[in-house]
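The structure under discussion appears below in the form of structure tokens.
In listed order, ligands and their atoms are each counted from 1. The first residue in the sequence is number 1, and the count goes up from there.
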Amino acid sequence: MINMEHGGLYYTFLRWTKWSKHTSILYRYLESKVPEYELPPLLIKNDGSKVKNSNDWYEFRRNELLNLLKTHEYGRSPKYSGGLKYKVIEHNELALNGLAIRKQIGICLHPDDEDSIMNLLIYLPVDDEKPIPLIVGLNFYGNQTIHRDRRIILPKTWIRNKESYGITNNRATHDSRGVRSYRWPVEFVLKQGFGLATAYYGDICPDRNDGCDLGVNNLYKTEKNASRKVDDWGAISAWAWGLSRAMDYFEDDDDIDEHNIGVMGHSRLGKTSLWAGAQDERFSYIIASASGCGGAALSKRSFGETVKLINDRFPHWFCKNFEKYNANECNLPIDQHMLIALNAPRPLYVSMADRDLWADPKGMYEAMVEADKAYKLLGTQGLPDGHKLEVGKHFYGQIGFHMRPGGHDVLKSDWEHYLKFIKLHMK
Ligand code: GTR
């Protein structure tokens, strides 16, 4: 079966011609070609002993897993000890025709660099009792793309060109206002009693092959212009780190309920939301849309996007060590069930689409089934009874998921599930 997403047949053809010398891309979509694999155990400590209870988990295994994922996949972020400044750039109590409070906060990402600003856009429902629960997620083309609201500040940082969005010369333009609003149902979220916050991921680290030589990764280098060490942070870690800096701000804002913050992301930013939640337990709900390879999908299945395919196209996303597993998934000492489990016992939701084979829905489902062991160990329901991977069905346990018909995207119908799921679990 051919994945028609990501630009359809033409895109598939390009991938086919590029990699067909080594491995047929079609081969990657055949369930019969999935190699036999054994997952590295979740509940056995590095010393070979069993994780018997939550104490073993919190005292030992959780740290071991974090360490393994940092070493082999995402890299290590610099230790953060607080103290970054932020500035309230705008605060309007009558935004979106009186429906919302809008705040725009400039968060400085390095104490010695006043220009390294992540602009956080926040909408809060005007009438609801404070503090308000909120969902935060990064966006791909700038805050102005999530809504036509003309008061949203345009990013000044580099943006990937996209002519159909009016983004040329790698800069945001007024034309791009609202171009991605279908992915961000702001009014709907507000009417459900939630705030919505977003920042442009390129404010943190530009999404390009040399991204780690720019952005925050560069600012925090101990040696100027040094090349990345094998376990230095990649872009996904940088974006996750940026989400934690947004979380620092939420803790300071009395209008926001810092104990009810969900972190949400789509695709590469779905990988990011899982990794942000894994490292930062202040996020209460974790939502990952179509996160695929390097997100919720098991790497060892080598189905759809593989470790080699992702590292070749996006050498800056992961740490350098991850390249050791190009076409060598069998030797990976980790897999993505560990990433999901690091979010336990907090409610976590995975959304998928049946035509998005590139992101391997089955691999995401199987990773959840494995991660469920940690959720159960920690005394939660984990996956609900009777769960199975079926188009159009949804399941809301402590782990929740759905697979809707369609392709690689995030739609209002997905958000409806996210909000219902969070409400079910709200503290
Ligand atoms: C694709 C990539 C996926 C996913 C996606 C996205 O090109 O292969 O891993 O991250 O981009 O972020 O939209």
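- No side-chain heavy atom of Ser302 sits less than 4.5 Å from a side-chain heavy atom of Lys308.
- Each of the following atoms of ligand 1 lies closer than 4.0 Å to a heavy atom of Phe314: 2 (C), 7 (O), 8 (O).
- Under the 6.0 Å distance and 45° angle rule, Arg160 does not count as a cation-pi partner of Trp158.
- Which parts of ligand 1 touch His408 is read off a 4.0 Å heavy-atom cut-off, strictly below it: atoms 5 (C), 6 (C), 13 (O).
- Within the 4.0 Å heavy-atom criterion, neither part of His266 lies near ligand 1.
- Proximity of Glu305 to ligand 1, defined as any heavy-atom pair under 4.0 Å, is confined to the side chain (atoms from C-beta onward).
- Proximity of the aromatic rings of Tyr74 and Trp241 is defined here by a centroid distance below 6.0 angstrom, and this criterion is not met.
- For ligand 1, the atoms closer than 4.0 angstrom to any heavy atom of Arg313 are 7 (O), 8 (O).
- Contacts classified as salt bridge (Lys or Arg N to Asp or Glu O under 4.0 Å) and involving residues 138-150 (residues at least two apart or in different chains) are given here: Arg102-Asp149.
- If you look at His387 and Tyr365, their ring centroids are closer than 6.0 Å.
- Where the criterion is an N or O separation shorter than 3.5 Å, residue side chain and backbone included, Trp317 fails it with respect to ligand 1.
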